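Have a look at the structure below, then the notes.
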Amino acid sequence: MNHLTAQIEALILASDEPLNVQKIRDLLLGSPDCEHVSVDSLSANIRDSLSELETHYQRRGIQVIQVGGGWQFRTATEHAELVQRLWQVKAPRLSRSALETLAIIAYRQPTTRAEIESLRGVRVSSQMIANLQERGWIKVIGRKEVPGRPHLFATGKQFLVDFGLNGLKDLPDSSQLMDDDELNLAAAQTASDQPVAQQELTNEEISNNE
Amino acid sequence: MNHLTAQIEALILASDEPLNVQKIRDLLLGSPDCEHVSVDSLSANIRDSLSELETHYQRRGIQVIQVGGGWQFRTATEHAELVQRLWQVKAPRLSRSALETLAIIAYRQPTTRAEIESLRGVRVSSQMIANLQERGWIKVIGRKEVPGRPHLFATGKQFLVDFGLNGLKDLPDSSQLMDDDELNLAAAQTASDQPVAQQELTNEEISNNE
Amino acid sequence: MSESTQLSLIQSDPDAHALPPVHLDQFEGPLDVLLHLIRKQKLDLFDIPIAMITQQYLDILEIQEDLDLEMSGDYLVMASSLMQLKSRMLLPRPETDDEGNDIDPRSELAAQLVAYEQYRLLAEELNERPRLNRDLFVRCIFPEADDVERPLPLADLDALLIAFRAVLKRVNREVRHQIFTEPMNMREQMSFVLQRLQHGGMPLDELLHDSPGIDALVTTILAILELWRQQSITVLQREHFGAIMLLPRGKEQ
């Protein structure tokens, strides 16, 4: 194990949060070892070390994995039950309504409460929204410029960290998701008045985000 | 790396205090892998695994070492300066166990360690109590007149100062935090043929097995 | 339209009532119920037999004993939409759009159901992902090398609240209820009283002297009574109308 990899290993263990390449680089740049290294080659070396660590821990009880854009030590999932026994704590369970709301926000972000409600066909409780916010899984990122100026929700960083995602693109494949046009085509050759109006709103929202 | 060693590696990472052989053994004895293993041979195996881990990490950036009678992951001494720099950028977070203990003391004071343990469902380490006392966040304000005359803990002045509170009455009302959504869930846990409901049941079963 | 047609539409399928009873608690709303009915009977989402489904849906609503008003709203709205759909299906002349194409009145519902089903599936997949603190865990003790001087952790009120809530969720509801109804001030005052008595007894008057205002007085008295009940302190009055003394336990004589 080379010195750099050892340094990075120590940093990842010491950090409370996932550490990304840039953060590691900034910390290393201050050290005397790296005085004469260019930033670019240091970044490349860090990346090499990280993948070396990732490989090394692949078959052990703990792992070095990339979440939310950074690297972190985590226990291997196969020991979940054992570690839960250590904590004597019930695994936090999520209600279906919370999961559905979270899924809609994750895949359609930014989105409004009205849209979530129309997709789920039920009212969404403020408590549940507050709970998801409190966990850092969702956050308000602005208001939609329509009457009432409703909040626009998106996923927060903790969502990536807790669900082991490196970025939103790592979400379970949504390509099998029909987009709204396909939905309408499938449902009928022609659309009736009501859904089209909803439809356009949704599309507008999407294009606004781009 | 054998299964036992991997299990121990995971436990040491996840634990909030150094783990000794006895604690590791007690945790493993509950697991199905160890049903037919005698206590003595399990202890011997654990010791073997621990020294295997100690050796494995000897020349790396992090180490498994014995401190205060238990085993713990630590960064290698040679990276102290680097780790120090990391912490200057970002002060450490309180551990979950410290936060929970502090929260219980804040909301239920004056309270005893036994009460904290019964609420948390886990043993509270003396080290952690000492840390919170040292910080000035909690203090002993008397003894409860029950057998054993346990200490009564309350929050200290520094707690109010550091958390930006004028008095304990400024602590947010804990009822605001309730989440009716998750309360309702308990009722919805009856058996059903819905796949998601089954899913949740399974999770519940897992956590009940602890 | 003749009455007999209507009747036959409503009672078109003898299996309409043959489904096992379900409780709405198991569902996440009307769309969830409809999907259950459709998938259970292997029906075509894009060709829903509206009359039959409406009947089954209404049957389910009917057997619910404790449908609370808050929750029932969404279900009743769906019931009325279904009945409206059914009546539109009965129209002799199909509805057409601007270009003269036929409109299937069910298309809107079908699109809604497909969309919901997709998110329901994604929610399941999300739930199956390894989740932090359920399936995997991060390191918990600060891994200090001997030479590292660790700065003191920061106070974080939000984190404190979340931690407390986590504790509450783990203990049973009874305890939770108990905690909520406890007035914060009294707890504070209990600590205060105990602290004042740490080094010996004190007359009640003197202690109350430090409590400005009626609220504070009442809270202090309540705190004293609670401490007395818990046998953490003793309250003594040696003669009629004499001074009331508060004593920490173990020092009373």
Side-chain angles (χ1 to χ4, degrees), chain A residues 10 13-14 16 62-63 65 67 72-77 79-80 83-84 86-87 89-94 96-97 99-104 106-108 118-123 134-135 161-165 171-172 174 176-178 180 183-184 186-195 199, chain C residues 27-32 34 45-46 70-71 73-75 77-78 95-99 101-112 114-116 118-139 142-145 148 158 161-162 165-166 169-170:
Chain A
L13 183 76
D16 278 337
I62 63 175
Q63 290 173 348
I65 54 173
V67 278
Q72 194 173 39
F73 271 109
R74 297 189 162 189
T75 59
T77 43
H79 307 302
V83 179
Q84 279 177 6
L86 170 75
W87 279 101
V89 159
K90 268 197 177 184
R93 205 151 26 91
L94 279 175
R96 270 181 65 197
S97 53
L99 278 164
E100 286 178 5
T101 303
L102 185 60
I104 290 170
Y107 282 91
R108 294 189 74 97
S118 108
L119 276 166
R120 291 191 53 223
V122 272
R123 250 158 305 167
E134 198 182 286
R135 288 174 189 256
V161 172
D162 285 358
F163 284 82
L165 299 161
L171 276 172
S174 63
Q176 83 261 35
L177 260 185
M178 284 194 221
D180 298 311
L183 269 180
N184 270 12
Q189 306 309 331
T190 53
S192 62
D193 45 4
Q194 177 72 359
Q199 188 50 44
Chain C
F27 296 99
E28 284 302 325
L31 294 176
D32 205 16
L34 289 179
L45 243 178
F46 296 111
E70 182 77 17
M71 183 169 126
D74 296 319
Y75 285 98
V77 168
M78 178 55 77
E95 298 164 62
T96 55
D97 66 8
D98 297 344
E99 292 164 17
N101 299 312
D102 288 356
I103 291 175
D104 186 336
R106 299 171 298 178
S107 60
E108 181 192 336
L109 179 64
Q112 231 185 334
V114 173
Y116 175 66
Q118 288 177 338
Y119 285 107
R120 201 176 68 170
L121 193 74
L122 290 170
E124 255 177 81
E125 282 177 23
L126 213 51
N127 195 33
E128 279 160 20
R129 285 192 71 80
R131 188 153 81 233
L132 195 62
N133 294 326
R134 184 187 70 177
D135 307 307
L136 30 78
F137 300 81
V138 294
R139 70 121 177 95
F142 180 71
E144 37 210 322
V148 176
D158 287 343
L161 290 172
I162 290 165
R165 214 183 84 145
K169 275 187 182 153
R170 292 205 303 270

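All of these numbers come straight from a predicted model, not from anything done at the bench. We name chains A, B, ... by the order of the sequence lines, and we start the count at 1 in each one.
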Heavy-atom side-chain contact between [X] and [Y] under 4.5 Å:
X      : Y      : answer
C:R134 : A:Q84  : yes
C:Y119 : A:R108 : yes
A:V83  : C:L136 : no

Okay, A:A106 and chain C: the region with an atom under 4.5 Å from a heavy atom over there is neither
For A:R74, the side chain to side chain donor-acceptor pair (under 3.5 Å) test, sequence neighbours excluded, returns A:Q72
Minimum heavy-atom separation for [X] to [Y], with atom names?
X      : Y      : answer
C:E28  : A:S97  : OE1-CB, 2.9 Å
A:A80  : C:F137 : O-CE1, 4.0 Å
C:L132 : A:V161 : CD2-CG1, 4.1 Å

By ring pair (Phe, Tyr, Trp, His ring centres under 6.0 Å), A:F73 pairs with (sequence neighbours left out) A:Y57
For [Y], is there any backbone N or O sitting under 3.5 Å from a side-chain donor or acceptor partner on [X]?
X      : Y      : answer
C:N127 : A:L94  : no
C:R139 : A:L13  : yes
A:T77  : C:D135 : no

When rounded to the nearest 0.5 Å, the distance separating CZ of A:R120 from CD of C:Q112 is 13.0 Å
Output for pair (A:I104 CD1, C:L122 CG), nearest 0.5 Å, gives 9.5 Å
**OP:** Decide yes or no on side chain to side chain contact (heavy atoms under 4.5 Å, CB included) for A:L171 and C:L126, but give the supporting numbers first.
**Re:** CA-CA 8 Å; A:L171 276 172; C:L126 213 51; 4.0 Å; yes
